[in-house]
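Below: one structure, written as structure tokens.
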Amino acid sequence: MSSKEKEVEIAVEKSTETHELILLNDDVNTFDYVIDVLIRVCNHTPIQAEQCTLLTHFKGKCSVSSGCLEDMIALCLRLLDANLSAEVK
């Protein structure tokens, strides 16, 4: 395998890595507001959004989406713009 082929293989491995979008608990936003944002931004169903909101409240954080790094960063920025606390792992 040539060095060029190895570089391509490494790039493919990195691009398929899955990252998680983590919603962090805060004492500012209401349950209803967080649920609405998760439905709008992450395309959650109302039940899924409610469950994630409750998990975040009681556990301090919850994974609300997963995928490629670029997509998770874009979603994270939208959550941050909505004044929620979030991070990508």
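Considering OG of Ser66 and CG of Leu21, their distance stands at 9.5 Å, rounded to 0.5 Å. Taken to the nearest 0.5 Å, the CE atom of Met72 stands 10.0 Å off from the CG atom of Leu79. Here the CD1 atom belonging to Ile47 is positioned 12.0 Å from the SG atom belonging to Cys52, to the nearest 0.5 angstrom. Interatomic distance, Asp71 CG to Ser65 OG, rounded to the nearest 0.5 Å: 8.0 Å. To the nearest 0.5 Å, atom CD1 of residue Ile39 and atom CD of residue Glu50 are 9.5 Å apart. One distance of note links CD of Glu20 with SG of Cys76; it measures 13.0 Å at 0.5 Å rounding.
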task = For side chain to side chain contact (heavy atoms under 4.5 Å, CB included), just list the numbers for Glu87 and Leu24, CA-CA rounded to whole Å, side-chain angles, deciding distance to a tenth of an Å, and then say yes or no.
result = CA-CA 8 Å; Glu87 64 185 12; Leu24 303 170; 4.2 Å; yes
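The shortest distance between side-chain heavy atoms of Phe31 and Leu54 falls below 4.5 Å. Side-chain contact between Val64 and Leu38: present, with at least one pair of heavy atoms (C-beta onward) separated by less than 4.5 Å. Between His19 and Glu70 the shortest side-chain heavy-atom distance does not fall below 4.5 Å.
Within the 3.5 Å criterion, the main-chain N or O of Asn29 finds a donor-acceptor partner in the side chain of Asp26. With hydrogens and angles ignored, the 3.5 Å screen pairs no side-chain donor or acceptor of Tyr33 with any backbone N or O of Val28. Judged by distance alone, with hydrogens and angles left aside, the side-chain atoms of His44 form no donor-acceptor pair with the main-chain N or O of Gln51 at under 3.5 Å.
What you find for Leu75 and Val41 is that their closest heavy atoms are CD2-O, 3.3 Å.
Under the side chain to side chain contact (heavy atoms under 4.5 Å, CB included) test applied with Leu23, the options Leu84, Val37, Leu55 reduce to a single match, Leu84.
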